[in-house]
Amino acid sequence: MAAGNAQGGRWLLTASIAFNGLFLGVSLVLGVIVWLSEPLWAGLFPRAELAEIVRPESGSGREKVAIIRVEGVLAEGLLGYVHRQIEQAAAVKGVQAVVLRVNSPGGTITSSDDLHRRLTALISGDPAKKRDPKPLVASFGSLAASGGYYISAPAATIVCDRSGLTGSIGVFAGLLSIEGFSKQHGVGMTVIKQGEIKDSGSMFRSMTPKERQVWQDLIDTSYNRFVAVVEEGRGKRLKRKLLEPFPVAPVRAGPNPPEVQPYQRYLADGGIYTAEKALEHGLVDSLGTLDDAVAEARKLADLDEH
């Protein structure tokens with residue numbers, strides 16, 4: 001009887017080891033798969049954590065500068081992670097200042113204006129929610145244009161990478177036209193509508209003067225808003241008015257550059273500017289890296305004073 005129990009115990013021990021070994025092996029394989037696929041699922045389910053720079057001398061790190069990263073095209077439905085970053089930066093007591101790191105070509109006027117509103121609220125604070133005002137410093141990477149500049153206008157300071165491009169203060173709508181192709185190949189569209197200009201912008205026909213003016217009014221309204229946002233945010237730091245023409249001397253490079261006549265631009269002509277030209281015109285405040293922007297944020301929040 002005792003021998004039988006010993007034999008059964010050995011089988012049980014062997015089965016237990018085999019099962020646990022199999023379980024651990026499968027778990028390890030699954031863990032490796034999850035780790036290797038992290039770039040995919042992290043993009044689908046982005047974490048709501050903020051990247052934070054902590055003062056080395058603070059010990060416990062209770063006082064922090066939060067970095068909000070805005071990257072890629074600004075469009076409705078794609079900015080949930082940015083919204084969570086802004087919300088967390090506004091809500092966390094330990095965050096004393098915020099750096100907005102921008103690498104974006106811009107996007108829709110609605111998404112840009114929404115981010116601008118959220119960032120302005122972060123700067124102002126919210127007594128009802130017991131949220132203190134927090135200074136904002138914008139840090140421009142390789143490109144912070146159009147909507148990327150729009151959302152940065154409220155910042156107390158804008159620091160731009162030396163090789164960065166910025167500006168593009170303007171608004172446009174691009175409407176595809178295949179009218180010539182459709183006439184040549186007998187392809188068209190039958191439109192049944194009610195409303196005189198309901199199908200304005202159709203790719204199969206040219207706009208009437210009235211339809212074009214309606215679209216122009218939409219663009220002009222958004223453009224006026226863009227100009228007002230920049231003028232309000234930058235204020236006297238702008239070296240000239242956004243719609244004021246100024247002469248530009250062409251850059252001549254190479255051993256035998258062609259003779260080119262000077263031309264005129266204005267800051268809100270929709271074009272981009274190099275970092276040095278943006279600094280010259282007051283579109284940015286200084287040239288520097290993300291670390292420089294963090295140092296500026298610490299200074300604005302007096303983190304180095306205590």
Side-chain angles (χ1 to χ4, degrees), residues 46-71 79 81-104 115-127 129-144 148-166 229-230 232-239 275-276 278-306:
R47 296 182 294 269
E49 297 176 354
L50 286 170
E52 296 175 338
I53 305 298
V54 182
R55 294 176 59 209
E57 64 270 29
S58 64
S60 63
R62 297 182 62 183
E63 295 177 327
K64 303 173 182 178
V65 174
I67 301 177
I68 296 174
R69 297 183 181 273
V70 180
E71 300 176 338
L79 299 173
Y81 181 43
V82 178
H83 294 166
R84 290 194 293 273
Q85 289 184 84
I86 296 173
E87 174 63 21
Q88 189 174 354
V92 174
K93 294 292 184 181
V95 172
Q96 301 295 309
V98 178
V99 172
L100 181 71
R101 179 63 172 178
V102 182
N103 272 301
S104 172
L115 286 179
H116 176 273
R117 175 184 60 80
R118 293 171 187 263
L119 291 167
T120 300
L122 180 147
I123 295 169
S124 302
D126 188 344
K129 295 182 178 180
K130 297 181 180 180
R131 294 179 178 178
D132 297 329
K134 299 181 180 182
L136 179 71
V137 173
S139 171
F140 290 172
S142 59
L143 181 64
Y149 191 82
Y150 188 112
I151 66 175
S152 308
T157 301
I158 297 178
V159 181
C160 184
D161 282 5
R162 293 183 181 277
S163 60
L165 299 173
T166 188
V229 161
V230 175
E232 178 183 3
R234 297 299 295 166
K236 294 182 179 180
R237 289 175 291 175
L238 289 171
K239 301 301 175 63
E276 291 184 352
L279 178 63
E280 177 184 327
H281 298 311
L283 292 174
V284 303
D285 298 293
S286 63
L287 304 184
T289 65
L290 176 59
D291 288 340
D292 294 324
V294 171
E296 181 64 25
R298 289 171 55 181
K299 185 188 303 182
L300 290 175
D302 295 327
L303 294 185
D304 294 327
E305 300 299 325
H306 53 266

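The analysis underlying the following values was restricted to heavy atoms, covering all of them including side chains, and did not include hydrogens, waters or symmetry mates. Just so you know, residue 1 is the first one in the sequence shown, and it goes up from there.
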Test log, rule side chain to side chain contact (heavy atoms under 4.5 Å, CB included), inputs Ile158 and Thr166: CA-CA 11 Å; Ile158 297 178; Thr166 188; over 6 Å; no
Could you walk me through whether Leu283 and Leu238 pass the side chain to side chain contact (heavy atoms under 4.5 Å, CB included) test, one step at a time? CA-CA 6 Å; Leu283 292 174; Leu238 289 171; 3.9 Å; yes
For Arg234 and Asp285, run side chain to side chain contact (heavy atoms under 4.5 Å, CB included): C-alpha distance rounded to whole Å, both residues' side-chain angles, the deciding distance at 0.1 Å, then the answer. CA-CA 10 Å; Arg234 297 299 295 166; Asp285 298 293; 2.9 Å; yes
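Partners of His281 by ring-ring contact (aromatic ring centres under 6.0 Å, His included), not counting sequence neighbours, listed by chain and number: Phe246, Tyr273. Take Glu87 and apply the side-chain hydrogen bond (donor to acceptor under 3.5 Å, both in side chains) test, not counting sequence neighbours, and it matches Arg131. Qualifying side-chain contact (heavy atoms from CB on, under 4.5 Å) partners for Ala275, counting only residues two or more places apart in sequence or in other chains: Cys160, Leu287. Residues passing the side-chain hydrogen bond (donor to acceptor under 3.5 Å, both in side chains) test with Ser142, sequence neighbours excluded: Asn103. Annotation: side-chain hydrogen bond (donor to acceptor under 3.5 Å, both in side chains) contacts of Arg162 (sequence neighbours excluded): none. Applying the side-chain contact (heavy atoms from CB on, under 4.5 Å) test to Glu280 and every residue at least two apart in sequence or in another chain returns Lys277. Taking Asp161 as the reference, Arg101 meet the side-chain contact (heavy atoms from CB on, under 4.5 Å) condition, with sequence neighbours excluded. Evaluation of the side-chain contact (heavy atoms from CB on, under 4.5 Å) rule for Thr289 yields Asp291, Asp292 as partners, not counting sequence neighbours.
Nearest heavy atoms, Ala97 versus Ala297: CB-O, 3.6 Å. Taking both residues in full, the closest heavy atoms of Ile68 and Gln85 are given as CA-OE1, 3.5 Å, listed atom of the first, atom of the second, then distance. Between Ala90 and Leu122, the closest heavy-atom pair is N-CD1, 3.9 Å. Listed here is the closest heavy atom pair of Ile151 and Leu119: O-CD1, 3.4 Å. Counting all heavy atoms, side chain and backbone alike, Ser124 lies closest to Pro133 at O-CG, 3.4 Å.
Listed by first and then second residue, the side-chain hydrogen bond (donor to acceptor under 3.5 Å, both in side chains) pairs that reach into residues 148-159 are Asp113-Tyr150, Tyr150-Arg225, sequence neighbours excluded.
Looking at heavy atoms from C-beta onward, His83 lies in side-chain contact with Leu115 at the 4.5 angstrom threshold. Taking 4.5 Å as the limit, some side-chain heavy atom of His116 sits within range of a side-chain heavy atom of Thr120. Counting heavy atoms from C-beta outward, Val137 and Val98 have side chains that stay 4.5 Å or more apart.
Using a distance-only test at 3.5 Å, with no hydrogens or angles considered, no donor-acceptor pair links the side chain of Glu63 to the main chain of Gln96.
Taking a 6.0 Å sphere around CD of Glu232, one finds it holds 12 or fewer heavy atoms contributed by other residues, nucleotides or ligands.
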